[in-house]
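Notes to accompany the following structure.
A note on names: the letters A, B, ... follow the listed sequences, proteins ahead of strands, and every chain is numbered from 1. Computed from a predicted model, the values in this text were never measured in an experiment.
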There are 2 protein chains.
Amino acid sequence: MPEVAASRRVTSADIAKDVGVSRATVGFVLNSTPGKKISEATRARVLESAARLGYQPNRAAADLARGRSKIILLVLPDRLLGPSMQASLDEGARVLAEAGYALVTQPQARPLGGIPPLWETLGPDVVIGWTTFTPEEVMSMRAAGVRRIRPRPGESARYDQAPGVAEGARMQVDHLHELGHRRIAVAALNDPQMIELQRSRADAAMQRAEELGMETVALRSVDHRDGSSAEAVRIWHDDGVTAVVAYNDDVAATVAGAAIEAGLRVPQDLAVIGHDDSPIASLFVPPLSSIRMDTVEAARYLAAVALHEADGRPVTSTWTALDTRVVARRSTLG
Amino acid sequence: MPEVAASRRVTSADIAKDVGVSRATVGFVLNSTPGKKISEATRARVLESAARLGYQPNRAAADLARGRSKIILLVLPDRLLGPSMQASLDEGARVLAEAGYALVTQPQARPLGGIPPLWETLGPDVVIGWTTFTPEEVMSMRAAGVRRIRPRPGESARYDQAPGVAEGARMQVDHLHELGHRRIAVAALNDPQMIELQRSRADAAMQRAEELGMETVALRSVDHRDGSSAEAVRIWHDDGVTAVVAYNDDVAATVAGAAIEAGLRVPQDLAVIGHDDSPIASLFVPPLSSIRMDTVEAARYLAAVALHEADGRPVTSTWTALDTRVVARRSTLG
DNA sequence: TTGAAAGCGCTACCAT
DNA sequence: ATGGTAGCGCTTTCAA
């Protein structure tokens, strides 16, 4: 049996030797360095050699020489990881990959006992968060050499201006209005992580209701584990509320569930509409009306912003309105 | 207003200068290099200086010199990202962090159009997957310099032997048996990603049922989007099946929902038990019985395996049985 | 117990 | 159009 040589990884020097040029030239063609004129012939030979030898650039070496990691870190709250968000991330990753950046996500923004945040260990060029970072977090990032942070420190995330946020909430209200509801409630979730986004959606909903001349009752947080949802439903119903705008589909399910348990009919006695069109919306009985957003476009924009921060390249895409629409199901239609 | 100097990142050389020792010495104490005797005095001074100056080692440089990235990449199918899995990941990350490793997760194992897998861009020391990797993936990893891969190429993931997998399925069946059910069905999900795990759970359930002298009918996949769940429920009911073991809570919700839509009572006409105790289980009406596993212990074990692969250190923790138990709710209890 | 110095593989500046 | 080469910041062997 022939001895198998422990093969070293192939480096750019190997290619240089193989092709018969300098390592510099190899680097130029492999990075398609702008402003460098390489003859088509050598370019082709280098590329061919790289492919044949199975060359993979050494990230550590490149990072070190370059002074940047070409990593973009996305810090997401757990709850956001619905399927639609997942698809968006793919799209964002694709855009970034084309520019040579890797997208890494850190699932938790919350204080993680004992786990150093990924921005310390990975040294990303850019950190993008869904919510504003605390001063401590920003300091930690700065110390870790992170050059760019979004949302910018001190700058609010301003969800109310983000595409789709207000639209979705408005559409929830519009939908209920069209169905004839005139007195509605807004239901939120007891989750500190999401306060900003919740507030933005709730505000937008309230405002829209007012514009349409509808009556609203005070915002309530519900939790299926305590009695808060049952209590909320009772209060609402006694108060003449006929429909509920829920922060998301989990909240919608909680409310609808409490209503059903209380002997109310959904939607005849209480209609409920959720947000995000997550799996539970179609699995619930009755299926929950919800809002579906095309977050793919948002992800593209986010990626563009990231590249702007990282490379200084102009933001090409625009903060356009998302394709947002109501998915009407039996929790409002009967 | 005073000009703010654009401060360079602090390097180990800065510390060396500050303390008045060599960069090597600094490195020794910062890495607590074994076999090196550093006086307590200098050690303390170095540490103090590092803290005071806010030193953060440069990952790229360290990786390059060391020849390894100290990154462990976990490749997870999307569907697994339930809250319990999330908590487990935190635990795994914590264990790995203590050993100086960063845990990065790649959300999709599936072919990602145009997105280079993270193992190419990050150059992790170890890649851990939930399912077996394809030969192409393995080759790609090898080419990217990944030294360790789990499950080992060619080695099946062997979920049937993984802790908790068989237990959970068995407990589902036991639970139904105790409630007097004697003829049951097993419901799966139409998801290629999960085939291995589904099969393992289904096999375990079937086998347990046989051991208990219960009758089982053929495994069926359900999908709430087509008519398959309604059809399955009808067939099962006509066939005298009184209870269904579902692969997970989504499947359980699909089945229970179809049953309710068909005018059957859950659990009187058809009992359903899910698996994983995900949010939908408690949110559904009626709330779904399910299986809750303490995956934290599993995560610890996984982390230990990863460290073994990475460092060659012995696997301390053992592949123990997980704390797995039935969460009985109204979908089986009535 | 500590220091000097040789790389790690790549990038990018300066020559040619 | 291409090559030489000086680092990037850290790890680690070898000397002192």
Side-chain angles (χ1 to χ4, degrees), chain A residues 7-47 49-50 53-70 100 121-123 125 143-145 147 311, chain B residues 8-46 49-50 53-70 100 121-123 125 143-145 147 311:
Chain A
S7 59
R8 217 177 18 80
R9 277 193 69 178
V10 16
T11 77
S12 77
D14 295 326
I15 299 186
K17 188 139 27 98
D18 183 56
V19 178
V21 295
S22 76
R23 297 176 47 231
T25 305
V26 172
F28 292 149
V29 3
L30 258 28
N31 300 325
S32 30
T33 312
K36 281 293 173 183
K37 270 87 215 346
I38 304 288
S39 69
E40 263 318 312
T42 45
R43 158 182 303 285
R45 283 164 56 224
V46 168
L47 257 23
S49 175
L53 268 38
Y55 172 73
Q56 290 280 119
N58 179 309
R59 154 167 281 272
D63 287 358
L64 179 56
R66 195 193 294 127
R68 344 214 252 103
S69 65
K70 294 237 158 191
T121 40
L122 294 188
D125 292 340
R147 321 168 88 94
D311 280 356
Chain B
R8 216 176 20 79
R9 276 192 70 178
V10 15
T11 76
S12 76
D14 294 327
I15 299 186
K17 187 136 33 90
D18 183 56
V19 178
V21 294
S22 76
R23 299 175 46 233
T25 304
V26 172
F28 292 148
V29 3
L30 258 28
N31 299 327
S32 29
T33 312
K36 282 292 173 184
K37 269 85 212 349
I38 304 287
S39 68
E40 262 318 313
T42 44
R43 158 183 302 285
R45 283 163 58 222
V46 168
S49 175
L53 268 38
Y55 172 74
Q56 290 280 119
N58 179 309
R59 154 169 282 274
D63 286 359
L64 179 57
R66 193 192 296 130
R68 343 210 255 105
S69 65
K70 293 237 158 191
T121 40
L122 294 187
D125 291 339
R147 322 168 87 95
D311 280 357

(request) Specify the residues of residues 57-64 of chain B, ordered by number, for which at least one heavy atom lies under 4.0 angstrom from an atom of DNA chain D. (result)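 By residue number: B/P57, B/N58, B/A61, B/A62.
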(message) Using 0.5 Å steps for rounding, measure from the CZ atom of A/R147 to the OG atom of A/S69.
(response)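 A/R147 atom CZ to A/S69 atom OG measures 9.5 Å (nearest 0.5 Å).
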Rounded to the Å, how far apart are [X] [atom1] and [N] [atom2]?
X	N	atom1	atom2	value
B/F28	D/dC14	CZ	C1'	10 Å
A/L53	C/dG9	CG	P	15 Å
A/K17	D/dG4	NZ	P	14 Å
A/R68	D/dG7	CZ	P	21 Å
B/I15	D/dT11	CD1	P	11 Å

(message) Checking B/N31 now: which residues fulfil side-chain contact (heavy atoms from CB on, under 4.5 Å) with it, not counting sequence neighbours?
(response)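 Partners of B/N31 under the side-chain contact (heavy atoms from CB on, under 4.5 Å) test: B/T33.
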(message) I'd like to know if the side chain of A/R68 reaches the main chain of A/D125, judged simply by a donor and an acceptor atom lying under 3.5 Å from each other, with no hydrogens or angles considered.
(response)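 Flag not set: sc A/R68 to bb A/D125 has no pair under 3.5 Å.
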(message) On DNA chain C, compare the nucleotides closest to B/R43 and B/R66; which residue's is nearer the 5' end?
(response)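 On the 5' side of the pair lies B/R43.
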(message) Return whichever of B/G20 or A/T11 has its heavy-atom-nearest nucleotide of DNA chain C closer to the 5' end.
(response)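 Taking each residue's closest nucleotide, the earlier one in sequence belongs to B/G20.
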(message) Whether B/T25 contacts C/dT2 is assessed here as follows: a side-chain N or O lying under 4.0 Å from the phosphate OP1 or OP2. Is that the case?
(response)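 For C/dT2, OP1/OP2 do not have a side-chain N/O of B/T25 under 4.0 Å.
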(request) Would you indicate, yes or no, if C/dT1 has its OP1 or OP2 atom less than 4.0 angstrom from a side-chain nitrogen or oxygen of B/T42? (result)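 Checking C/dT1 against B/T42, no side-chain N or O comes under 4.0 Å of OP1 or OP2.
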Where the side chain of [X] is concerned, which of [options] is the nearest nucleotide?
X	options	answer
B/S22	C/dC13, C/dA4, C/dT11	C/dA4
A/S39	C/dT11, D/dT2, C/dT2	D/dT2
A/A24	D/dT13, D/dG4, C/dC8	D/dG4

(message) I'd like to know whether A/F28 forms a side chain to side chain contact (heavy atoms under 4.5 Å, CB included) with A/V46, so could you lay out the CA-CA distance, the side-chain angles of the two residues, the decisive distance to 0.1 Å, and finally the verdict.
(response) CA-CA 10 Å; A/F28 292 149; A/V46 168; over 6 Å; no
(request) Decide, yes or no, whether a salt bridge links A/K70 with A/D311 under the criterion of side-chain N to carboxylate O below 4.0 Å. (result)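 Judged by the 4.0 Å cut-off on N to carboxylate O distance, A/K70 and A/D311 do not form a salt bridge.
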(request) Provide the full list of salt bridge (charged side-chain N to carboxylate O under 4.0 Å, His left out) pairs with a residue in residues 56-65 of chain B, sequence neighbours left out, each pair given once. (result)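 Applying salt bridge (charged side-chain N to carboxylate O under 4.0 Å, His left out) to every pair that reaches into residues 56-65 of chain B, excluding sequence neighbours, yields B/R59-B/D63, B/D63-B/R66.
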(request) Please test A/N58 against A/T11 for side chain to side chain contact (heavy atoms under 4.5 Å, CB included), starting from the C-alpha separation and ending with a verdict. (result) CA-CA 8 Å; A/N58 179 309; A/T11 77; over 6 Å; no
(message) Does B/T33 reach a base, just sugar-phosphate, or nothing at all? Heavy atoms under 4.0 Å.
(response)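 The residue B/T33 makes no contact with any strand.
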